[in-house]
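In each ligand, atom 1 is the first atom listed, and ligand 1 is the first ligand listed.
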Amino acid sequence: VKVDHPTPTKVEVDLGDRSYEVLIGYGVRAELADYIPPSAQRVAIVTQENIPWEVDPGRPIGVFHIGPGEQYKTMETIEGLCTAFADWGLTRADCVVGVGGGMVTDVAGFAASVYHRGLPVVHVATSLLGQIDASIGGKTGVNLTVGKNLVGTYWQPHAVLCDLDTLSTLPARELRCGFGELAKYRWVGERSFEDLSLQQRVSECVRIKAQVVAEDEREAGRRALLNYGHTLAHAIETSTDHAVAHGEAVAIGLVFAADLAHSMGRISSEAAAAHRALISGYDLAVRPPGGLDPDRLIDLMAGDKKATTGLTFVLLNDQGHLEVVAGVDRAVVRAELARFLEPA
Ligand SMILES: NC(=O)c1ccc[n+]([C@@H]2O[C@H](COP(=O)([O-])OP(=O)(O)OC[C@H]3O[C@@H](n4cnc5c(N)ncnc54)[C@H](O)[C@@H]3O)[C@@H](O)[C@H]2O)c1
Ligand SMILES: [Zn+2]
């Protein structure tokens, strides 16, 4: 990775007395000690064995490994982690540091929020998806067998470090997934950033997310727009048994949401084509693999709601703004989806 910006970028997440800084740049993990609460005596580092990045918070550390995949994002992992914290003697006056992708920061954040009723957590985000999305905004959580992220808390971190050096070891597919998620910010933030460097792009995404979170921490309104592309994405992930990864599914979901908006007369064909162009430019597929059943996808998108209520999508309007649109007619979605699933 080329060091194109030797000076790190700082973005503030403005949440009153819970405000914090996100530091983005090459090598910023070296700044970690300055971002730990000064009073913290010891630091519990939560990470995974396959993450080859060490950090020095400038205090005695304990390192706590969690399992390497989404299947370990469970209450059992939280219980194991909190038990290990207690055995080590971690107290409320100390600090937790999550070093990893979104799975690690979601778990570290959750454990930090409930252990001793809450202690500070600092994230060192090491995946692109983690840096532009998961580590920012304070949503934590784990999965239940009946669904993803069903148990969790809002627990804002004390600081977030996005070290772009760490992306050099990220598997290529994980990097592409990060770009699938990154693509949504083009429309959430209503600005294009194709010509920007990686540091500038990550910083722009963090700025957009920080602004949305500052306005709507608990997702009463605008924060829901961060789910652009996610209605179909979640259905594709489930119906392919996660063979299509989240970021890949979001990329496809963005293209579909644009096609749907076009078929509903909300946006021009040029605006829809811009979605395809952006996604292809990141070397991501613009349509799902063959063999998916449109009716199953529709059922998954509808959740357990009845056919009559219609479907909910985040869609562009003719002013180029995103909005949450509930009650989209199933038949309209069905027709568009049938066209979308046809082989090219
Ligand atoms: N809290 C939120 O607001 C929010 C938002 C979006 C996603 N998420 C969550 O984030 C998770 C997905 O995050 P993700 O895409 O980062 O996946 P992940 O954390 O599972 O990481 C993907 C893989 O890459 C590895 N990895 C991470 N960084 C690495 C590095 N620098 N070098 C080598 N390997 C590395 C991980 O060990 C893992 O095997 C999901 O659990 C999702 O629910 C949370
Ligand atoms: Zn997502």
- Message: With clusters defined by side-chain heavy atoms of hydrophobic residues (ILVMFWY) lying less than 4.5 Å apart, directly or transitively, does I279 cluster with V244?
- Response: yes
- Query: Is R266 salt-bridged to E323, cutoff N-O under 4.0 Å?
  - Reply: yes
- Message: Looking at R276 and D259, is any side-chain nitrogen of the basic one under 4.0 Å from a carboxylate oxygen of the acidic one?
- Response: yes
- Message: If the threshold is 4.0 Å, N to carboxylate O, is there a salt bridge linking K139 and E219?
- Response: yes
- Query: Do other residues, nucleotides or ligands put more than 12 heavy atoms under 6.0 Å from the NZ atom of K10?
  - Reply: no
Validation: residues 81-93 side-chain donor-acceptor distances under 3.5 Å, sequence neighbours left out:
residue, atom, partner, partner atom, Å
T83, OG1, E79, O, 2.7
T91, OG1, A93, N, 3.1
T91, OG1, D94, OD2, 3.3

- Note on the structure: Those residues with a heavy-atom separation under 4.0 Å from ligand 1 are Q48, N50, I51, P52, W53, P68, E70, K73, G101, G102, M103, D106, T126, S127, L129, D133, A134, K139, K148, N149, T166, T169, L170, P171, E174, K209
- Item | Where the Zn ion (ligand 2) is the vertex, angle from H230 NE2 to E181 OE2 to 10° | 90°
